[in-house]
Amino acid sequence: REQIKILGRWGDKDKKNKFILLTDLFNESHGNADSLEWLVNNGYKVIGIDISITIILRFRKNMELDIPCVVCDVMNLPFKSEEFGHVVSFSTLDHFDKNDLKCSLCDLHRVISPQGRLIATLHNSQNIFLYFYIMKFMHEYSFPIQCYSLRSATSIIESCKFRIHDTEAIVHIFFPSFTGLIFSNCEKTRLDILHVLRGKFIDLCGLLGKLKTKYFTCKFVALCAIKR
């Protein structure tokens, strides 16, 4: 839901270049494709990439959306320069350490058209609820994940010839293990009261995003950067 909000807020409403590069398909391969569906329904031409052929095959199996998919590494993209109006990267770039992150950003810069936009989210290192560290301790991540503060993410992205247009703090859910347990149980039951409580809880957490302290309570920092 919050990803769709930032796409609507930061997307090029004139669609001068309708082509969008989606930098991984992990969530979509598991059926979580709200953002992708929003892009397609709003007239964007999406090309998805993933480093894993397994993920792409799972995406093809689980999703009805028919978009071009390419197996490749975001650090070495097989596309011509200035091909895309936007790059959408939801928690892909935080798989890299600082050096590899810069390599990825440089190649993304190459394939974005002049004044095109990079819309990215990164795990937030300043989260006071220690979301990232708790999830890592609980072995919830089966792949390497780095986290960045808003300042460090801004500095790295700007060093790769982007200009930061806007930033946002998204996903304000605390006590992740307890929350995840409740949410999973809600999916297994038809009790309306549990679904109502889940919605109220999410709305309550969302109020944190309206405070000046939002960058200390969010799971992800979101950035919109324009190619210089």
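In this chain, numbering begins with 1 at the start of the sequence shown.
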Exercise. Are the side chains of I156 and K98 in touch, meaning some heavy atoms are under 4.5 Å apart?
Worked result: yes
Exercise. Do I49 and C72 come close enough that some side-chain heavy atom pair is under 4.5 Å?
Worked result: yes
Exercise. Under 6.0 Å from the CZ atom of F79, do we count more than 12 heavy atoms belonging to anything else shown?
Worked result: yes
Exercise. Rounded to the nearest 0.5 Å, what separation is found between the SG atom of C147 and the NZ atom of K219?
Worked result: 12.0 Å
Exercise. Do the side chains of D34 and I4 get nearer than 4.5 Å, heavy atoms only?
Worked result: yes
Problem set entry | Short side-chain to backbone donor-acceptor contact, S155 and R151, under 3.5 Å | no
For this session: Measure the OG1-CD1 distance between T154 and I164 for me, rounded to the nearest 0.5 Å.
Result: 5.0 Å
Exercise. When rounded to the nearest 0.5 angstrom, what distance separates CG in L105 from OG in S159?
Worked result: 7.5 Å
Exercise. Are V171 and E2 close enough, and set up right, to give a side chain to side chain contact (heavy atoms under 4.5 Å, CB included), and what steps lead you there?
Worked result: CA-CA 7 Å; V171 185; E2 293 186 70; 4.0 Å; yes
Seminar exercise, completed: Residue set satisfying side chain to side chain contact (heavy atoms under 4.5 Å, CB included) with P68, at least two apart, ordered chain then number -> I47
Exercise. Mind checking whether I119 and H86 have side chains closer than 4.5 Å, heavy atoms only?
Worked result: yes
For this session: Compare all side-chain heavy atoms of F96 with those of L93 and state whether any distance is below 4.5 angstrom.
Result: yes
Could you tabulate the donor-acceptor pairs under 3.5 Å formed by side-chain atoms of residues 204-213, not counting sequence neighbours?
none

Exercise. Sequence neighbours excluded, which residues qualify as side chain to side chain donor-acceptor pair (under 3.5 Å) partners of Q3?
Worked result: S35
Could you go through residues 220-228 and list every donor-acceptor pair under 3.5 Å that involves a side-chain atom there, pairing it with any protein atom two or more places apart or in another chain?
from	atom 1	to	atom 2	distance (Å)
K227	NZ	H109	O	2.9
K227	NZ	I112	O	2.6
R228	NH1	F162	O	2.8
R228	NH2	E158	O	3.4

For this session: Check whether any side-chain heavy atom of R117 sits under 4.5 Å from a side-chain heavy atom of H165, and report yes or no.
Result: yes
Exercise. Under 3.5 Å, is there a donor-acceptor pair between the side chain of N41 and the main chain of E37?
Worked result: yes
For this session: Inspect the contact between E168 and K5 and indicate whether a charged nitrogen and a carboxylate oxygen are less than 4.0 angstrom apart.
Result: no
Problem set entry | Non-neighbouring partners of S113 that pass side chain to side chain donor-acceptor pair (under 3.5 Å), sequence neighbours left out | none
Seminar exercise, completed: In terms of heavy-atom contacts, S91 and T121 come closest through N-OG1, 2.9 Å
Problem set entry | K214 NZ: over 12 foreign heavy atoms closer than 6.0 Å | yes
For this session: For I6 and D166, run side chain to side chain contact (heavy atoms under 4.5 Å, CB included): C-alpha distance rounded to whole Å, both residues' side-chain angles, the deciding distance at 0.1 Å, then the answer.
Result: CA-CA 10 Å; I6 63 174; D166 197 7; over 6 Å; no
Seminar exercise, completed: Here the gap from D94 atom CG to T92 atom OG1, rounded to the nearest 0.5 Å, amounts to 7.5 Å
Seminar exercise, completed: Rounding to 0.5 Å, atoms CG (L22) and CG (L39) come to a distance of 7.0 Å
Exercise. Tell me, do F90 and T23 make a side-chain contact under 4.5 Å, heavy atoms counted?
Worked result: no
Without placing hydrogens or testing angles, list every side-chain donor-acceptor pair under 3.5 Å for residues 57-67, not counting sequence neighbours.
from	atom 1	to	atom 2	distance (Å)
R58	NH1	H30	NE2	2.9
R60	NH1	I67	O	3.0
R60	NH2	I67	O	2.9
N62	ND2	S29	O	2.7

Exercise. Below 4.5 Å, heavy atoms only, C-beta onward: do L101 and D97 meet side chain to side chain?
Worked result: no
For this session: Any chance you could lay out the side chain to side chain contact (heavy atoms under 4.5 Å, CB included) test for I51 and V74, step after step, and finish with the verdict?
Result: CA-CA 8 Å; I51 197 170; V74 73; over 6 Å; no
Exercise. Are side-chain N/O atoms of Y215 and T167 paired as donor and acceptor at under 3.5 Å?
Worked result: yes
For this session: Go through the steps to decide whether Y44 and F19 satisfy the test side chain to side chain contact (heavy atoms under 4.5 Å, CB included), and finish with yes or no.
Result: CA-CA 6 Å; Y44 291 101; F19 286 95; over 6 Å; no
Exercise. When you measure from the side chain of N127 to the backbone N and O of T217, does any donor-acceptor pair fall under 3.5 Å?
Worked result: yes
For this session: Using atom types as modelled and distance alone, determine if a side-chain donor or acceptor of N124 lies under 3.5 Å from a backbone N or O of C218.
Result: yes
Exercise. Are a donor atom and an acceptor atom from the side chains of S149 and S152 found within less than 3.5 Å of each other?
Worked result: yes
Exercise. Does L77 offer a backbone N or O that forms a donor-acceptor pair with the side chain of D107 under 3.5 Å?
Worked result: yes
